[in-house]
Amino acid sequence: MPELPEVETIKRSLAVNQGASMIRVELIREDIIRKREFEPEAVHGALIQKVARRGKYLIISMAGGHHHILIHLGMSGRFYMLNEEEELQEKHVHLILHLNNGKKLVFQDPRRFGGVWLVSSPEDITGKLGKEPLQRDFSSAYLHSITQGRRTAIKNLILDQNLIAGIGNIYADEALFLAHIRPDRAAASLSQQESLRLSRAIKRVLRQGIENRGTTFRDYRDGNNARGGFQEHLQAYGREGEPCLVCGSLIVRQKIGGRSSHYCQLCQK
Ligand SMILES: [Zn+2]
């Protein structure tokens, strides 16, 4: 599932389209639109002012400030750029944005857990999201404050999009491995020192994910429909039964809050 580093990578690849104009919105599958505050035709001829990200949402904002196209990739979605004359290679394309710079932006999503929002104010959709973990105000003090009084597993806490925006299963497992904290520890049991380690580990794995253009386990592709590279650097996620790169004992997998978690029983306490 695309997480913050994957969506950020796509955003950066698609930023070249800022300043281009929308020729036409081709809506192939109506029910991919999750909220429709304007008709697709309303942005025909409009200038793309900004391509942004908040949490796992991509936000394409038109000049004038009243028309925003939000895209969430769900489990299996891709959003990428092709030259206008290039043929679509894959199925399940639900939306195509045709631009005046010779490009088209293609949204495809076989499982359709993702979606598209046509809204006048992106905050209506993203307003409840928690802090952006790569920004300064996501600090160890903030992380420690949200652990207080919470019995839920620390893994579940850092996956809660209303507390921290953009972390999913892969980067949660990697951050906890790096911080030497077991994913099933009660959030409230973290010491201040552990919150500091975990906040630093979260920032570090997200930055490394972005530097490597995201993690491709199965579906994810970047804004040029190319695979990411961070799967080569994973230390915990997807490595059950393989030796821990630090101590050599085998990485285990355990369900926590319905999600598979991968960790080292020796290194993580
Ligand atoms: Zn280990």
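Note: hydrogens, waters and symmetry copies are ignored here, and every other heavy atom, side chains too, is used. Along the sequence shown, residues carry numbers from 1.
- Grouping the Ile, Leu, Val, Met, Phe, Trp and Tyr side chains by contacts below 4.5 angstrom, directly or via other members, places Ile59 apart from Leu97.
- Follow the hydrophobic side-chain contacts under 4.5 Å out from Leu234 and you reach Leu178 in the same cluster.
- Between Asp222 and the choices Lys11, Arg213, Arg12, the salt bridge (Lys or Arg N to Asp or Glu O under 4.0 Å) rule is met once, by Arg213.
- How far OG of Ser145 is from CD of Gln192: 10.5 Å, rounded to the nearest 0.5 Å.
- Taking a cutoff of 4.0 Å between a charged side-chain nitrogen and a carboxylate oxygen, Arg207 and Glu211 do not qualify as a salt bridge.
- Using a 4.5 Å heavy-atom threshold, the side chains of Met62 and Met22 count as touching.
- Note that the CD1 atom of Ile181 and the CD1 atom of Ile158 stand 8.5 Å from one another [nearest 0.5 Å].
- A pairwise comparison of heavy atoms in Asn100 and Ile23 identifies CA-CD1, 3.6 Å as the closest pair.
- Under the ring pair (Phe, Tyr, Trp, His ring centres under 6.0 Å) criterion, His68 pairs with no residue at all, not counting sequence neighbours.
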Please lay out, stage by stage, how Asp109 and Asp219 fare under the test side-chain contact (heavy atoms from CB on, under 4.5 Å).
-> CA-CA 9 Å; Asp109 186 5; Asp219 295 306; over 6 Å; no
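- The main-chain N or O of Glu174 is never found under 3.5 Å from a side-chain atom of Gln235 such that the two would form a donor-acceptor pair.
- Hydrophobic clustering (side-chain heavy atoms under 4.5 Å, transitive across Ile, Leu, Val, Met, Phe, Trp, Tyr) keeps Leu99 apart from Val93.
- A salt bridge between Arg78 and Glu90 is present, with a side-chain N of the basic residue lying under 4.0 Å from a carboxylate O of the acidic one.
- A salt bridge is defined here as a Lys NZ or Arg NE, NH1 or NH2 lying under 4.0 Å from an Asp or Glu carboxylate O, and Glu30 with Arg36 meets this definition.
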Evaluation steps, side chain to side chain donor-acceptor pair (under 3.5 Å), between Tyr142 and Ser199 | CA-CA 9 Å; Tyr142 172 72; Ser199 64; over 6 Å; no
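- Looking at Lys103 and Asn83, their side chains come closer than 4.5 Å, going by heavy atoms from C-beta outward.
- Judged by distance alone, the side chain of Asn224 and the main-chain N or O of Ser13 form no donor-acceptor pair under 3.5 Å.
- Phe107 is connected to Val51 through a chain of hydrophobic side-chain contacts under 4.5 Å among Ile, Leu, Val, Met, Phe, Trp and Tyr, so both are in one cluster.
- A salt bridge between Glu132 and Arg53 is present, with a side-chain N of the basic residue lying under 4.0 Å from a carboxylate O of the acidic one.
- With contacts defined as side-chain heavy-atom distances shorter than 4.5 Å, the pair Leu4/Pro133 qualifies.
- Here the options are Gln254, Lys255, Lys155, Arg253, the test is side chain to side chain donor-acceptor pair (under 3.5 Å), and the partner is Ser261; only Lys155 passes.
- Within the 4.5 Å cutoff, the side chain of Arg112 has heavy atoms near those of the Arg29 side chain.
- Annotation: Phe230 is not in aromatic contact with Tyr237 [ring centroid separation under 6.0 Å not met].
- From His94, atom NE2 reaches atom CD1 of Ile71 across 11.5 Å, with rounding to the nearest 0.5 Å.
- When side chains are defined from C-beta on, Tyr80 counts as touching Gln108, because their heavy atoms get closer than 4.5 Å.
- In this structure, Arg239 contributes its side chain and Pro243 its backbone to a donor-acceptor pair below 3.5 Å.
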Residues Phe177, His262; criterion side-chain contact (heavy atoms from CB on, under 4.5 Å); working and verdict | CA-CA 9 Å; Phe177 178 86; His262 310 75; over 6 Å; no
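- Distance alone, capped at 3.5 Å, is enough to place a donor-acceptor pair between the Arg54 side chain and the Leu129 backbone.
- The environment of Arg200 atom CZ is sparse: at most 12 non-hydrogen atoms of other residues, nucleotides or ligands sit within 6.0 angstrom.
- Here the straight-line distance linking atom OH of Tyr171 with atom CG of Leu159 works out to 13.5 Å at 0.5 Å rounding.
- With hydrogens and angles ignored, the 3.5 Å screen pairs a side-chain donor or acceptor of His44 with a backbone N or O of Val25.
- Looking only at side-chain heavy atoms (C-beta outward), Tyr263 and Leu176 stay at 4.5 Å or farther from each other.
- The 12-atom threshold is exceeded at NE2 of His98, counting heavy atoms of other residues, nucleotides or ligands nearer than 6.0 Å.
- Considering all non-hydrogen atoms of both residues, Ile48 and Asn17 come closest at CB-O, 3.8 Å.
- Gln268 contributes no side-chain N or O that, together with a main-chain N or O of His180, makes up a donor-acceptor pair within less than 3.5 Å.
- Glu6 places no side-chain N or O within donor-acceptor distance of the main-chain N or O of Tyr220, the cut-off being under 3.5 Å.
- Between the side chain of Lys104 and the main chain of Glu86, a donor-acceptor pair closer than 3.5 Å is present.
- Closest approach of Lys35 to Val119, counting heavy atoms only: CD-CG1, 4.0 Å.
- Judged by distance alone, the side chain of Gln161 and the main-chain N or O of Ile167 form a donor-acceptor pair under 3.5 Å.
- When atom types are taken as modelled, the side chain of Glu8 and the backbone of Ile210 share no donor-acceptor pair closer than 3.5 angstrom.
- Contact record, Pro2 with Leu73: CG-CB, 3.7 Å, taken as the closest heavy-atom pair.
- If you take CD1 on Ile154 and OG on Ser189, they are separated by 8.0 Å, rounding to the nearest 0.5 Å.
- Cluster membership check: Leu196 does not share its hydrophobic cluster with Leu134, using side-chain heavy-atom separations under 4.5 Å among Ile, Leu, Val, Met, Phe, Trp and Tyr.
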Could you go through the side-chain contact (heavy atoms from CB on, under 4.5 Å) check for Ile164 and Ile146 one step at a time?
-> CA-CA 10 Å; Ile164 311 171; Ile146 61 176; 4.1 Å; yes
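- Atoms CG and CG, from Leu118 and Leu95 in turn, are 8.0 Å apart once rounded to the nearest 0.5 Å.
- A heavy-atom distance below 4.5 Å is not found between the side chains of Asn225 and Leu82.
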Leu88 and Ile96: CA distance, side-chain angles, deciding distance, side-chain contact (heavy atoms from CB on, under 4.5 Å) verdict = CA-CA 10 Å; Leu88 299 176; Ile96 307 174; 3.9 Å; yes
Please report the C-alpha distance between Ser121 and Glu123 in whole Å, then the side-chain angles of each, then the deciding distance to 0.1 Å, and finally whether the side chain to side chain donor-acceptor pair (under 3.5 Å) criterion is met.
-> CA-CA 5 Å; Ser121 168; Glu123 291 76 26; 3.0 Å; yes
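- Other residues, nucleotides and ligands contribute more than 12 heavy atoms inside 6.0 Å of the NZ atom of Lys269.
- Taking 4.5 Å as the limit, some side-chain heavy atom of Arg221 sits within range of a side-chain heavy atom of Arg227.
- The two residues Leu70 and Pro122 have their closest heavy-atom pair at CD1-CB, 4.0 Å.
- Of all the heavy atoms in Gly115 and Arg34, the pair that sits closest is CA-NE, 3.6 Å.
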